[in-house]
Amino acid sequence: MKSCSRSFICLAMLAALGFGQAAHMSQVHTHHVRVVTQPTAASKRMRVAASPILSTDAAIQKRTVSPKHRVLPVPATTIKRVPKKSSREPFSWTEQWYPMSSTRALRQLQPNALTLLNKNLVAWRSPDGWRVAQDRCPHRGAPLSYGRLEVNGSLTCSLHGWQFTSDGGVSYLPTLGGCGGCPAKLRMHPSQVCEHGLLWVWGETADADSDAEARAFAQPLPNAHLPPPECVVTEWTLYRMPITFAALTENLLDDAHGLHAHHGIPGLDRSLARPAEAVVSGESGAGAAWHTWCNVSGTISQTDSASSTVWCNSYNFFAPIASSNRFGDHFRAESFCVPSRADETLFISASFETPAPGGGGELLRHLQRANPFFTAMMHRIGTSVVCQDSILCEADGIDEMRGERWTGERTRGGLTKSDGAVVRLRNYMRMHGAPLTPSRADVRQWEPRQELSVWHMHTRDCPSCRRAHSDAKATAKVLLLVGVAAAATNHVDAAVWLLVVAEMSRGVSRWFETFHVQFRK
């Protein structure tokens, strides 16, 4: 059997780089977590005591107060579609905090375009910290994300040169030679940066020092479940997935799809799949404090010995946007789902090892920080996982936007006990409504995709991948010119070699632009 450290390196490489989206739910690498080392009658029957979350994290226990469960097989017939009446609490999707990006990925010297709840926003770094406003100049509505930052930190509109301070007020009008007491202001969104380096944005506008801003900052960030920053193994990575918010959150609770959907990705092979011997799911809380989970466990028998190993995975969703997947006692993949548009969701993820990264985790963390191209290659592998999930989940998401029933609900026997947490999440969404619901007339028909834009989904937002893409394109151009020059001087062998390498560099640059839809047989 492979060692636990080797398994974690492969898990971590994919977890925070797109594996968190789907392959989090695979059971192959997490099977090696040793919980029971000797076979007993109790372990064979899988009577493993488990809390709603397979963790002793104090911050999480405060958010989830539920009785302990015995991990025993649960018949599919016990899954009910009707939610508890106790879950009916007032809830607003706009009066929430949303993580939009890691500050390491944002451009420091120019405005950054963001999208939240179908609103176009602009983020910039001012002398007072990061600020966020609606992406429209109050003068003539020009997008401020096409503007520039002045030396003094003011945000300047590129259309007429209006300049704005960190609180949204006008600081300079070129046509007046000053501000002239102009009362116009940007529509600001409260924002803050947490200890993990994520930029959080409030879903509603609020003027500086107003009661609305005070109410926003009085509400805590939904990140109490995250381990400390020093436990990070792979940094926060962002993907723009062309699927609905509900489709993405449901996929993160699906423990069974990883090895099958992503067969062929390094470390994932469907022949390694093992059936779960015990599945238990449940829910607790209500409204913005609602939580659902699915705990999965089973036994792997070793052919070279009489011993057995029990693997335990826990898949959790904390309303309104947090997903936390735990593999044993130490390895965790944390992520947030942010509704940007009706058919697009931001997926922000990172992997952690608690109480501190081991040797493999430390090596992976240092390699990412020391070599941007290594980081870019890891991100691109993760993007393949994200693209495959987007393709496979898109159809059900489109049905949901039309208000149609879930495919599993339309089919007799179409749900299994592994779908327990997903069904509970569907009930929660039906009760509180999806963050963004377009009119049925605006929902497009589903069509098979041949390719997805990796540039739009990830590369343009990632400094490491942008650099790898531009370096590969520049290298291809230089090698092409040198190869032509070599051919002109009758150095045929050198010219052929240079042209081949130039074409390989072009292929690398295109790899960071497009994903061609394919699933290995």
Side-chain angles (χ1 to χ4, degrees), residues 92-103 105-194 198-219 221 238 240 338-342 344 346 435-436 438 442 460-461:
S92 170
W93 286 100
T94 58
E95 295 181 354
Q96 304 294 333
W97 287 102
Y98 294 94
M100 298 305 299
S101 177
S102 167
T103 54
L106 294 172
R107 294 175 172 87
Q108 307 289 315
L109 302 178
Q110 56 184 294
N112 298 266
L114 306 174
T115 306
L116 173 63
L117 297 172
N118 215 25
K119 300 175 184 177
N120 294 323
L121 307 178
V122 59
W124 75 99
R125 188 171 186 176
S126 74
D128 301 321
W130 284 95
R131 294 293 183 264
V132 178
Q134 292 197 3
D135 194 13
R136 289 180 64 85
C137 178
H139 178 212
R140 295 279 296 277
L144 294 170
S145 56
Y146 286 102
R148 55 186 177 271
L149 295 184
E150 304 297 337
V151 177
N152 61 3
S154 297
L155 175 63
T156 300
C157 176
S158 291
L159 186 57
H160 295 99
W162 284 37
Q163 295 184 14
F164 303 92
T165 62
S166 59
D167 63 356
V170 178
S171 61
Y172 182 73
L173 295 176
T175 55
L176 299 179
C179 66
C182 180
K185 295 189 68 174
L186 299 180
R187 303 191 66 185
M188 302 294 294
H189 283 251
S191 60
Q192 58 181 309
V193 178
C194 69
L198 293 174
L199 174 63
W200 293 79
V201 179
W202 186 249
E204 295 277 6
T205 58
D207 293 332
D209 300 323
S210 65
D211 292 340
E213 184 185 62
R215 287 194 300 271
F217 284 112
Q219 182 165 319
L221 297 177
L238 183 146
R240 300 176 185 272
V338 181
S340 55
R341 303 188 187 281
E344 181 181 273
L346 299 185
L436 296 169
D442 295 333
R460 69 175 187 175
D461 298 310

task: Would you check, one step at a time, whether the test side chain to side chain contact (heavy atoms under 4.5 Å, CB included) holds for L221 with L198?
output: CA-CA 11 Å; L221 297 177; L198 293 174; over 6 Å; no

- prompt: Hey, does M100 have a side-chain heavy atom less than 4.5 Å from the side chain of L116?
  reply: yes

query: Side chains of P111 and L144: does their closest heavy-atom pair fall under 4.5 Å?
result: no

message: As a quick check of understanding, evaluate side chain to side chain contact (heavy atoms under 4.5 Å, CB included) for R240 and L346, giving each step before the final call.
response: CA-CA 5 Å; R240 300 176 185 272; L346 299 185; 3.6 Å; yes

query: Does any N or O in the side chain of T156 come within less than 3.5 Å of the main-chain N or O of E150, such that one atom is a donor and the other an acceptor?
result: no

query: Between P435 and L117, is any pair of side-chain heavy atoms under 4.5 Å apart?
result: yes

- prompt: Regarding S126 and D128, is there a side-chain donor-to-acceptor distance under 3.5 Å anywhere?
  reply: no

message: Angle between ring planes, W97 versus F217, binned at 30° and 60°: parallel, tilted or perpendicular?
response: tilted

task: Would you give the length of the straight line joining atom CG of N152 to atom OG of S171, rounded to the nearest 0.5 angstrom?
output: 6.5 Å

query: P138 and L186: which non-hydrogen atoms are nearest, and at how many Å?
result: CD-CD2, 3.5 Å

statement: Rounded to the nearest 0.5 Å, the OH atom of Y98 sits from the CH2 atom of W202 at a distance of 9.0 Å

Q134 side chain reached by L121 side chain, heavy atoms, under 4.5 Å: yes

message: What I'd like to find out is whether the side chain of W200 reaches to under 4.5 Å of the side chain of V193, using heavy atoms alone.
response: no

- prompt: Which pair of heavy atoms, one from L149 and one from L109, lies closest together, and at what distance?
  reply: CD1-C, 3.8 Å

- line: With D135 as partner, the option from N112, N120, L114, T115 fulfilling side-chain contact (heavy atoms from CB on, under 4.5 Å) is N120

- request: Return the minimal non-hydrogen interatomic distance between A133 and M188, and the atom names on each side.
  value: CB-SD, 3.6 Å

- prompt: How long is the span from the CG atom in D461 to the CZ atom in R107, to the nearest 0.5 Å?
  reply: 7.5 Å

- prompt: Is S102 close to L238 at the side-chain level, that is, under 4.5 Å between some pair of heavy atoms?
  reply: no

N/O donor-acceptor pair under 3.5 Å between Q219 side chain and R215 backbone: no

- prompt: Should L159 and C137 be marked as a side chain to side chain contact (heavy atoms under 4.5 Å, CB included) after you check the CA-CA gap, both sets of side-chain angles, and the distance that decides it?
  reply: CA-CA 9 Å; L159 186 57; C137 178; over 6 Å; no

message: How close do S158 and G147 get, counting heavy atoms only, and between which atoms?
response: OG-CA, 3.2 Å

- request: Look only at the side chain of Q108 and the backbone of L106, and say whether a donor-acceptor pair between them is shorter than 3.5 Å.
  value: yes

message: Restricting to non-hydrogen atoms, name the atom on Q163 and the atom on S154 that form the minimum distance, rounded to 0.1 Å.
response: OE1-CB, 4.0 Å

- prompt: Got a sec: does the CZ of R187 have more than 12 other heavy atoms crowding it under 6.0 Å?
  reply: no

query: Listed by chain and number, what are the ring-ring contact (aromatic ring centres under 6.0 Å, His included) partners of W124, not counting sequence neighbours?
result: none

task: Would you check if H160 and P174 make a side-chain contact, meaning some heavy-atom pair closer than 4.5 Å?
output: no

task: Run the numbers on Q192 and W130 for side chain to side chain contact (heavy atoms under 4.5 Å, CB included), then give the verdict.
output: CA-CA 7 Å; Q192 58 181 309; W130 284 95; over 6 Å; no

- request: Verify, without hydrogens or angle tests, whether K119 (side chain) and E204 (backbone) share a donor-acceptor contact under 3.5 angstrom.
  value: no

message: Which heavy atom of L436 sits nearest to which heavy atom of A342, and what is that distance?
response: CD1-N, 3.6 Å

